[in-house]
Amino acid sequence: MVRIVLTFLAMAWLALMVLAPVAIVLVEALGAGLGAWWAAVSDEETRTSVALSLQIAALVVPLNAIFGVAAAWALARFRFPGRALLLALLDLPLSVSPVVAGLVFVLLFGAQGWFGVWLQEHDVQIIFAVPGIVLATAFVTLPMVARELLPLLESQGDDAELAALTLGASGWQVFWRVSFPRMRGALAYGVLLCLARALGEFGAVSVVSGHIRGQTDTLPLHVEILHNEYHFQAAFAAASLLLLVGVATLLLRRLHTPETGD
Amino acid sequence: MGLVMAIIRRKRAPVALPGLGLSLGITLAWLSLIALIPLAALVIRAGGLGWQGWLDAVSGERVWLSLRLSFGASLIAALLDTFAGLLIAWVLCRYKVPGHAFWDVLVDLPFALPTAVAGIALTALWVPDGWLGRLIEPFGGKVAFAWPGVVVALTFIGLPFVVRTLQPVLQSAEKELEEAAESLGASPAQVAWRVVLPSLRPALLTGFALAFARAVGEYGSVIFICGNIPMQTEITPLLIVSRLEQYDYAGATALATIMLALSAVILALLQALHAGRRTALR
């Protein structure tokens with residue numbers, strides 16, 4: 001009896017608090033028919049915002065992936081002074097408010113920022129332009145690959161790498177032939193998480209973007225613009241694309257069996 | 001291969017892995033460039049305001065009300081998440097639930113759903129003629145465009161932090177202990193209260209802290225549902241943005257330092273709580 005009541009309560013909470021928001025996105029996006037959904041999704045401005053989001057992710061994700069591999073290698077394979085501090089700092093970008101993440105770049109590169117005057121003299125625009133969005137996105141997704149790799153590398157230990165070294169392999173050979181193949185799965189999953197977050201980031205990007213239509217509105221910002229202009233069906237159609245990315249990430253996670261067994 | 005490894009282990013071979021310089025160099029360079037230097041700039045800028053200037057920027061009724069709403073709503077949301085998360089983690093770990101995989105995936109959804117999408121979806125649900133808003137309207141309940149809306153949004157985004165922190169602990173918990181207590185005559189309620197709950201306390205605390213930390217800084221999912229009425233439904237991150245939009249950089253910076261300090265404190269607490277053990281939070 002207790003079992004049934006508890007199960008019912010848990011399911012009810014999940015249904016009302018989590019499932020209902022997903023359902024309403026789909027209902028609002030597709031309620032007027034597939035034709036209306038397609039019309040909203042293929043709208044010129046929506047397409048531009050999708051392209052911009054993809055471009056930004058294409059820049060940010062590889063950089064953060066390289067960073068992630070390097071950070072995981074250094075932190076999992078070596079003990080050095082300041083390692084604990086570095087581990088803590090690595091988490092900072094994920095715990096800082098996205099608004100603060102955007103703000104710091106405005107303070108550096110905005111019109112009244114430290115480099116504002118210099119940038120203006122040289123006619124370089126970072127805030128209210130694409131470079132600012134790239135920086136803010138890089139900030140909020142910074143440790144995502146590293147966090148996937150770190151527990152894996154730590155649980156694997158360095159026996160295999162040391163064995164390869166004693167057998168005469170060079171450093172890069174060890175990395176490419178021994179370490180890399182064993183981290184490929186976790187790396188791919190970290191890249192996927194990083195990609196999903198880069199495409200969906202709202203707060204940080206909203207602060208630096210300036211919301212210039214057709215120029216600096218990424219897909220999530222475009223959802224906001226449409227919503228604020230009472231184009232609800234179009235807003236939910238655009239949102240359904242982001243929902244699709246999110247759900248795909250979750251389903252791929254199911255397929256990706258974590259090697260650490262977490 | 002196995003033999004070589006055995007020899008290495010026994011002899012503690014003097015070989016060292018290469019690449020510390022390169023990997024640490026890349027790590028420090030990128031981390032500094034993207035995160036540490038910009039955050040340091042924020043702190044230095046706030047320092048430039050001077051003590052009095054900083055105090056002026058963070059005092060005033062509008063700031064106070066926004067802080068009260070942000071902290072109050074985050075506290076309520078994190079508490080709700082702790083109770084609901086405990087319930088959901090328990091049911092998913094211990095009971096055979098129809099459609100188990102489906103519910104389990106659903107738990108992670110708030111992580112994967114971009115905040116703007118969550119924001120417009122929750123708003124559409126809770127406006128007076130929405131699916132859920134309609135149910136509470138006859139009783140005079142108001143969620144969207146009022147402070148409960150903030151709580152709803154923050155509860156939504158915080159839930160997976162609690163469930164995902166509790167699940168591994170519940171799974172690895174020794175069922176023998178519970179069985180022993182039962183066989184010694186403890187009632188199910190006694191087992192839950194005296195045996196299960198104490199072993200979950202650190203995980204509950206961690207989950208609560210993670211949900212709270214996330215909630216305090218949250219922006220995207222809240223701004224749609226709260227209606228953004230100054231002095232009433234304005235959370236602190238929103239006040240930072242509106243100050244920035246009025247080019248009040250000093251005011252925005254001062255408020256941001258409060259948020260940043262809070263993040264740092266919670267991070268430090270979590271680190272202390274885990275004493276170096278890394279959690280699988282995402």
Among the listed options A/Ile24, A/Val99, A/Leu6, the residue most often paired with chain B at heavy-atom distances under 4.5 Å: A/Ile24

Spacing of A/Leu19 atom CG and B/Leu109 atom CG [to the nearest 0.5 Å]: 8.5 Å

Portion of A/Phe80 that has a non-hydrogen atom of chain B nearer than 4.5 angstrom: side chain

Chain B interface, residue from A/Leu92, A/Val25, A/Val207 that has the most non-hydrogen pairs under 4.5 Å: A/Leu92

Which atoms of A/Leu108 approach chain B - backbone, side chain, both or neither, heavy atom under 4.5 Å: side chain

Selection from A/Leu142, A/Thr249, A/Leu75 maximising heavy-atom pairs under 4.5 Å formed with chain B: A/Leu142

Non-hydrogen side-chain atoms of A/Trp13 and B/Ile88 separated by less than 4.5 Å: yes

Selection from B/Thr27, B/Val241, B/Leu92 maximising heavy-atom pairs under 4.5 Å formed with chain A: B/Thr27

Interface moiety of A/Ala23 toward chain B, non-hydrogen atoms closer than 4.5 Å: both

Contact origin within B/Leu42 toward chain A - heavy atom pairs under 4.5 Å: both

B/Phe102 and A/Leu14, any side-chain heavy atoms less than 4.5 Å apart: no

Heavy-atom side-chain contact between B/Val105 and A/Arg254 under 4.5 Å: yes

Proximity breakdown for A/Pro98 and chain B, heavy-atom pairs closer than 4.5 Å: both

Inter-residue atom distance B/Trp30.CH2 - A/Asn64.CG, 0.5 Å rounding: 6.0 Å

Side chain / backbone / both / neither for B/Leu36 at chain A, heavy atoms under 4.5 Å: side chain

Under 4.5 Å from any heavy atom of chain B - which part of A/Val27: side chain

Side-chain touch A/Phe202/B/Val117, heavy atoms, less than 4.5 angstrom: no

Nearest non-hydrogen partners of A/Ala10 and B/Val91, listed with the distance: CB-CG2, 3.8 Å

Closest heavy-atom pair and its distance - B/Arg164, A/Arg253: NE-NH1, 4.5 Å

Rounded distance (nearest 0.5 Å) linking atom CG of B/Leu17 with atom CZ of A/Phe78: 5.0 Å

Segment of A/Phe139 engaging chain B (4.5 angstrom heavy-atom cut-off): both

Rounded distance [0.5 Å steps], OG in A/Ser97 versus CG in B/Leu255: 11.0 Å

Side-chain (B/Ser263) to main-chain (A/Ser95) donor-acceptor, under 3.5 angstrom: yes

Per-residue contact mode, B/Leu159 against chain A (heavy atom under 4.5 angstrom): side chain

Which of B/Thr115, B/Leu267, B/Leu20 touches chain A most, by non-hydrogen pairs under 4.5 Å: B/Leu20

Other residues, nucleotides, ligands: >12 heavy atoms within 6.0 Å of B/Phe83 CZ: no

Per-residue contact mode, A/Met144 against chain B (heavy atom under 4.5 angstrom): neither

Contacting region of A/Ser206 [heavy-atom separation from chain B under 4.5 Å]: side chain

Segment of A/Leu199 engaging chain B (4.5 angstrom heavy-atom cut-off): neither

Residue among B/Gly220, B/Ala213, B/Ala84 with most heavy-atom pairs under 4.5 Å to chain A: B/Ala84

A/Val96, part contacting chain B, at a heavy-atom distance under 4.5 Å: both

Contacting region of B/Leu22 [heavy-atom separation from chain A under 4.5 Å]: side chain

Heavy-atom proximity to chain A below 4.5 Å, by part of B/Thr253: both

Residue pair A/Leu165 / B/Pro18, side-chain heavy-atom distance below 4.5 Å: yes

Any side-chain heavy-atom pair of A/Pro21 and B/Leu125 under 4.5 Å: yes

Top of A/Ala70, A/Ala101, A/Ser170 for chain B proximity - count of heavy-atom pairs under 4.5 angstrom: A/Ala70

Under 4.5 Å from a heavy atom of chain A, the part of B/Trp103 involved: both

Heavy-atom check, side chain of A/Leu86 versus side chain of B/Leu28, under 4.5 Å: yes

Proximal component of B/Leu244, with respect to chain A [non-hydrogen, under 4.5 Å]: side chain

Option in B/Pro188, B/Ala112, B/Ser23, B/Gly217 with maximal non-hydrogen atom pairs under 4.5 Å from chain A: B/Ser23

Most contacts with chain B, counted as non-hydrogen pairs under 4.5 angstrom, among A/Glu224, A/Gln112, A/Glu201: A/Gln112

Nearest-0.5 Å distance, CG of residue B/Leu122 to CE of residue A/Met17: 7.0 Å

Proximity breakdown for B/Ile223 and chain A, heavy-atom pairs closer than 4.5 Å: side chain

Residue among A/Arg77, A/Arg197, A/Met11 with most heavy-atom pairs under 4.5 Å to chain B: A/Met11

Step-by-step side-chain contact (heavy atoms from CB on, under 4.5 Å) determination, A/Trp114 to B/Ile44: CA-CA 11 Å; A/Trp114 280 0; B/Ile44 293 169; 3.8 Å; yes

Parallel, tilted or perpendicular, as decided by the 30° and 60° cut-offs, for the rings of A/His227 and B/Phe224: perpendicular

Sub-4.5 Å side-chain heavy-atom contact between A/Glu28 and B/Ile120: no

Among the listed options B/Thr236, B/Asp104, B/Leu262, B/Leu238, the residue most often paired with chain A at heavy-atom distances under 4.5 Å: B/Asp104

Region of A/Trp172 in contact with chain B, defined by heavy-atom distances below 4.5 Å: side chain

Per-residue contact mode, A/Val22 against chain B (heavy atom under 4.5 angstrom): side chain

Portion of A/Ala138 that has a non-hydrogen atom of chain B nearer than 4.5 angstrom: both

Portion of A/Leu221 that has a non-hydrogen atom of chain B nearer than 4.5 angstrom: neither

Gap between atom CZ of A/Phe8 and atom CG of B/Leu87 - 0.5 Å precision: 11.5 Å

Minimum-distance pair of heavy atoms, taken over all atoms of A/Ala111 and B/Tyr249: N-OH, 4.1 Å

